[in-house]
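We count residues from 1, following the sequence as given.
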Amino acid sequence: MLDFLKFTKEDSLNNDYDLKTSIVTNGSLLTEEILNELLSYGLFSLQITLDGDAPSHNKTRCFKDGRGSFDLLIEKIKMVIEATKNIPDFL
């Protein structure tokens with residue numbers, strides 16, 4: 001996906017249009033480095049999906065070893081909030 005966004009960003013600069021990017025993800029692989037790269041490609045909206053409260057979510061969204069992903073995703077959401085708190089109109 002990042003390769004596609006790089007191509008699209010270059011195209012937007014060459015053809016004079018604004019690139020806006022919105023992503024919906026389960027968030028489990030999101031890192032600060034990836035988030036910063038996404039922001040450089042015009043990310044204005046990021047949705048990390050949760051399936052209810054921790055017990056409900058962890059029943060259906062767990063890792064191969066059986067660990068639930070709820071707490072990890074809450075940390076990812078906090079990371080996004082902190083990284084984007086000074087970006088006007090970030091959703």
Side-chain angles (χ1 to χ4, degrees):
M1 180 177 80
L2 293 173
D3 289 338
F4 175 74
L5 288 174
K6 181 180 179 182
F7 167 81
T8 308
K9 178 68 173 185
E10 290 172 6
D11 187 68
S12 73
L13 295 172
N14 292 334
N15 293 293
D16 196 30
Y17 65 88
D18 290 330
L19 175 63
K20 300 286 186 194
T21 305
S22 176
I23 296 174
V24 178
T25 176
N26 69 15
S28 62
L29 299 178
L30 186 64
T31 64
E32 194 169 337
E33 180 180 337
I34 291 171
L35 176 60
N36 288 329
E37 192 165 358
L38 291 169
L39 290 169
S40 76
Y41 294 131
L43 184 71
F44 75 95
S45 174
L46 176 72
Q47 179 181 347
I48 295 176
T49 57
L50 296 171
D51 295 341
D53 61 3
S56 298
H57 174 90
N58 287 334
K59 283 182 186 177
T60 58
R61 303 242 323 253
C62 56
F63 296 104
K64 287 182 182 181
D65 64 5
R67 288 179 303 119
S69 61
F70 186 86
D71 291 338
L72 172 69
L73 297 184
I74 293 299
E75 291 305 311
K76 302 289 182 165
I77 291 167
K78 289 178 183 178
M79 176 187 69
V80 171
I81 291 169
E82 180 63 27
T84 60
K85 67 183 179 185
N86 295 321
I87 300 175
D89 300 324
F90 187 87
L91 303 174

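Within the structure, the ring pair (Phe, Tyr, Trp, His ring centres under 6.0 Å) test picks out the following pairs touching residues 52-91 (sequence neighbours left out): His57-Phe70. Applying the salt bridge (charged side-chain N to carboxylate O under 4.0 Å, His left out) test to residues at least two apart or on different chains, none of the pairs has a partner in residues 31-43. For residues 75-88, the set of pairs meeting the salt bridge (charged side-chain N to carboxylate O under 4.0 Å, His left out) definition, not counting sequence neighbours, comprises Glu75-Lys78, Glu82-Lys85. Residue pairs meeting the salt bridge (charged side-chain N to carboxylate O under 4.0 Å, His left out) criterion with at least one member in residues 14-26: none, sequence neighbours excluded.
Within 6.0 Å of CZ in Phe4 there are 12 or fewer heavy atoms belonging to other residues, nucleotides or ligands. Residue Leu13 places its CG atom among more than 12 non-hydrogen atoms of other residues, nucleotides or ligands, all under 6.0 Å distant.
Only one option out of Thr25, Val80, Leu5 pairs with Leu38 in a side-chain contact (heavy atoms from CB on, under 4.5 Å); it is Leu5.
Note: the hydrophobic cluster containing Ile87 also contains Ile81 (ILVMFWY, side chain heavy atoms under 4.5 Å, direct or indirect links). Taking hydrophobic clusters as Ile, Leu, Val, Met, Phe, Trp and Tyr residues chained together by side-chain heavy-atom distances below 4.5 Å, Met79 does not share a cluster with Leu72. Put simply, Met1 and Val24 are part of two different groups of oily side chains (I, L, V, M, F, W, Y) that touch within less than 4.5 Å, one to the next.
Under the side-chain hydrogen bond (donor to acceptor under 3.5 Å, both in side chains) criterion, Thr49 pairs with Arg61, sequence neighbours left out. In this structure, the side chain to side chain contact (heavy atoms under 4.5 Å, CB included) partners of Lys6, at least two apart in sequence or on a different chain, are Glu10, Tyr41. Applying the salt bridge (Lys or Arg N to Asp or Glu O under 4.0 Å) criterion to Asp65, with sequence neighbours excluded, gives Arg67. Residues that satisfy the side-chain hydrogen bond (donor to acceptor under 3.5 Å, both in side chains) test with Asp53, not counting sequence neighbours, are Ser56. Under the salt bridge (Lys or Arg N to Asp or Glu O under 4.0 Å) criterion, Asp11 pairs with no residue, sequence neighbours left out. With sequence neighbours left out, the side-chain hydrogen bond (donor to acceptor under 3.5 Å, both in side chains) criterion links Ser28 to Asn26.
Note that OG of Ser69 is 6.0 Å distant from CG of Asn58, once rounded to the nearest 0.5 Å. Ile77 contributes atom CD1, which lies 4.5 Å from atom CG of Leu50 (distance to the nearest 0.5 angstrom). Going from atom CG of Leu19 over to atom OG1 of Thr8 covers 6.0 Å, rounded to the nearest 0.5 Å.
Leu43 is listed as a side-chain neighbour of Ile23, based on a closest heavy-atom distance under 4.5 Å.
Side-chain contacts under 4.5 Å among hydrophobic residues (ILVMFWY), followed directly or transitively, place Leu91 together with Phe44.
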